[in-house]
Number of protein chains: 2
Amino acid sequence: MPANILLVEDEPAIQELIAANLTRAGHTVMRAGDAETGQRIVREALPDLVLLDWMLPGMSGVEFARRLRSDERTRAIPIIMLTARGEEQDKVLGLETGADDYITKPFSPRELVARIKAVLRRRAPQVTEDAVELGGLRLDPATHRVTAAGEPINLGPTEFRLLHFLMTHAERVHSRSQLLDQVWGDHVFVEERTVDVHIRRLRSALEPGLHDRLVQTVRGSGYRFSTEIETTPAN
Amino acid sequence: MPANILLVEDEPAIQELIAANLTRAGHTVMRAGDAETGQRIVREALPDLVLLDWMLPGMSGVEFARRLRSDERTRAIPIIMLTARGEEQDKVLGLETGADDYITKPFSPRELVARIKAVLRRRAPQVTEDAVELGGLRLDPATHRVTAAGEPINLGPTEFRLLHFLMTHAERVHSRSQLLDQVWGDHVFVEERTVDVHIRRLRSALEPGLHDRLVQTVRGSGYRFSTEIETTPAN
DNA sequence: CCGCAGCGTGACGCTTTTGTGACAGGTAAC
DNA sequence: GTTACCTGTCACAAAAGCGTCACGCTGCGG
């Protein structure tokens with residue numbers, strides 16, 4: 001679950017260290033060396049989370065947090081306070097000012113990443129996806145199961161996502177490039193023909209000669225999931 | 001949302017004051033003047049929440065909290081610490097020991113009731129304390145026992161909690177990070193792969209080749225407890 | 001009937017994910 | 001103290017998927 005994180009920290013060495021760890025964890029990091037810069041970035045970029053040093057030149061972290069909370073657009077942005085040992089009594093104040101969590105320096109990179117994850121998840125409660133039932137097939141994201149007339153069908157992760165997408169966008173034709181974007185993600189780079197191979201694997205996993213017809217080829221365009229089985233002209 | 005609340009407070013006047021307010025808010029209040037009495041009540045009555053004075057004769061509040069957390073049955077009970085001004089640095093210690101919140105004396109009755117409500121709501125998705133019976137396995141939180149066809153199965157605390165969660169949320173796939181949150185707790189930071197190890201220990205504790213199949217791996221997603229044994233594709 | 005572009009298919013290294021055994025602390029009971 | 005668990009974390013082994021390729025088939029326009 002990658003996020004845009006604003007790091008407000010005046011100490012360059014610490015800033016660098018933290019940023020490196022966050023990047024390695026898959027997050028995008030924006031940096032600010034002082035509160036003013038931080039505020040500007042917040043307004044312009046609307047980060048998903050703010051990592052905020054307690055001691056800042058010019059404006060204290062608490063004041064920074066207070067301003068974030070007073071603006072409607074930035075009110076919901078989670079804040080994690082960074083405090084040094086010996087400022088511990090301030091943690092309490094930090095929490096009361098509206099920080100969602102705090103970490104005492106020095107901290108382990110793992111703890112930092114874990115707390116970020118926890119805060120982000122707390123803010124964005126997971127949406128439970130509903131099961132799809134179509135053409136005698138049933139696909140349930142919650143249990144990660146696919147069944148045809150009660151009989152379980154074993155699919156690999158990619159096949160599962162592929163079928164899920166096709167079923168939730170049934171009757172529509174999707175080009176290989178569309179499928180790559182939606183199922184693989186728009187950041188990955190794989191051959192378009194790879195889609196063909198997974199379609200094949202998906203078909204052979206479904207009951208051959210029966211449900212595999214639900215996954216149809218549209219020559220020159222792409223693939224489609226359809227409950228209307230194509231009639232093979234008996235010529 | 002009325003609750004059974006245990007109040008551990010040695011000062012009679014304060015005890016009386018708090019109890020009156022809680023009762024007026026619709027809660028049931030049990031009182032203890034010292035830690036020993038408190039512990040006994042906790043074990044016997046399993047309150048929904050513990051209001052815990054920081055300074056206690058005999059045993060500190062932190063020690064009290066620690067013991068609560070170390071017992072399987074009382075682990076999930078939320079704790080709110082009561083601290084006097086000037087003990088503020090201890091708040092941090094209190095939080096880190098496992099308290100869910102803290103309140104500084106003197107406090108307003110309204111604040112107290114509000115915080116109680118907040119903590120209870122946060123803990124709201126309480127798992128049932130009833131025995132679970134599923135797939136030939138029986139797990140009883142009350143007696144802390146697991147049996148398969150009458151035969152007892154020995155599990156460590158973590159394995160027990162893990163199995164308990166999986167069984168009470170059967171058929172559903174849980175990612176490692178979800179399991180860490182639900183079984184270990186949000187404030188614990190351990191490697192995700194630790195889940196794997198405990199799954200393995202859990203499996204090998206269950207009857208090999210038989211009940212261990214109930215704990216299933218969903219590659220790329222996580223784990224699942226299911227009575228529907230996965231069909232191994234007969235290739 | 002031919003050629004060509006599009007698609008199906010089987011095979012094959014390779015990477016990622018998961019299982020497993022071992023180990024160093026830590027804790028509670030003794 | 002000592003003993004017997006638990007626990008979290010490794011490193012390594014095993015397994016399962018994945019992406020690509022080469023080749024063969026198919027349908028369509030000439």
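Atoms considered below: every heavy atom in the structure, side chains included; atoms not considered: hydrogens, waters and symmetry mates.
- Annotation: ring pair (Phe, Tyr, Trp, His ring centres under 6.0 Å) contacts of F225(B) (sequence neighbours excluded): none.
- With sequence neighbours left out, S226(A) forms a side chain to side chain donor-acceptor pair (under 3.5 Å) with E171(A).
- The ring pair (Phe, Tyr, Trp, His ring centres under 6.0 Å) test applied to H211(A) returns no partner, not counting sequence neighbours.
- Mapping G222(B) and Y223(A) onto DNA chain C by nearest heavy atom places Y223(A) at the nucleotide closer to the 5' end.
- Note on residues 175-197 of chain A: pairs passing ring-ring contact (aromatic ring centres under 6.0 Å, His included), not counting sequence neighbours, are W184(A)-H198(A).
- E133(B) is linked by a side chain to side chain donor-acceptor pair (under 3.5 Å) to R138(B), counting only residues two or more places apart in sequence or in another chain.
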Please tabulate, one pair per line, each protein N/O and nucleotide N/O from nucleotides 14-17 of chain D that are separated by under 3.5 Å, including the distance.
unit_1: dA15(D); atom_1: N3; unit_2: R219(B); atom_2: NH2; d: 3.4

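- Remark: T23(A) pairs with V29(A) by the side-chain contact (heavy atoms from CB on, under 4.5 Å) rule, at least two apart or across chains.
- One can place CZ of R200(A) at 13 Å from P of dC18(D), the figure rounded to the nearest angstrom.
- On the nucleic acid side, DNA chain C contacts chain A at distances under 4.0 Å to non-hydrogen atoms, with the end points of that region at dA5(C) to dA11(C).
- Residues from residues 190-197 of chain A that place a heavy atom under 4.0 Å from any atom of DNA chain C, listed by number: R193(A), D196(A).
- Under the side chain to side chain donor-acceptor pair (under 3.5 Å) criterion, R161(A) pairs with no residue, sequence neighbours left out.
- Within the structure, every pair that satisfies the salt bridge (charged side-chain N to carboxylate O under 4.0 Å, His left out) test and touches residues 173-185 of chain A, not counting sequence neighbours, is listed here: R176(A)-D196(A).
- At whole-Å resolution of the value, CH2 in W184(B) and P in dT7(D) are 9 Å apart.
- Checked against ring pair (Phe, Tyr, Trp, His ring centres under 6.0 Å), H144(A) has the following partners two or more places apart in sequence or in another chain: F160(A).
- Inspection of the R203(B) and T217(B) side chains reveals an N or O donor paired with an N or O acceptor under 3.5 Å.
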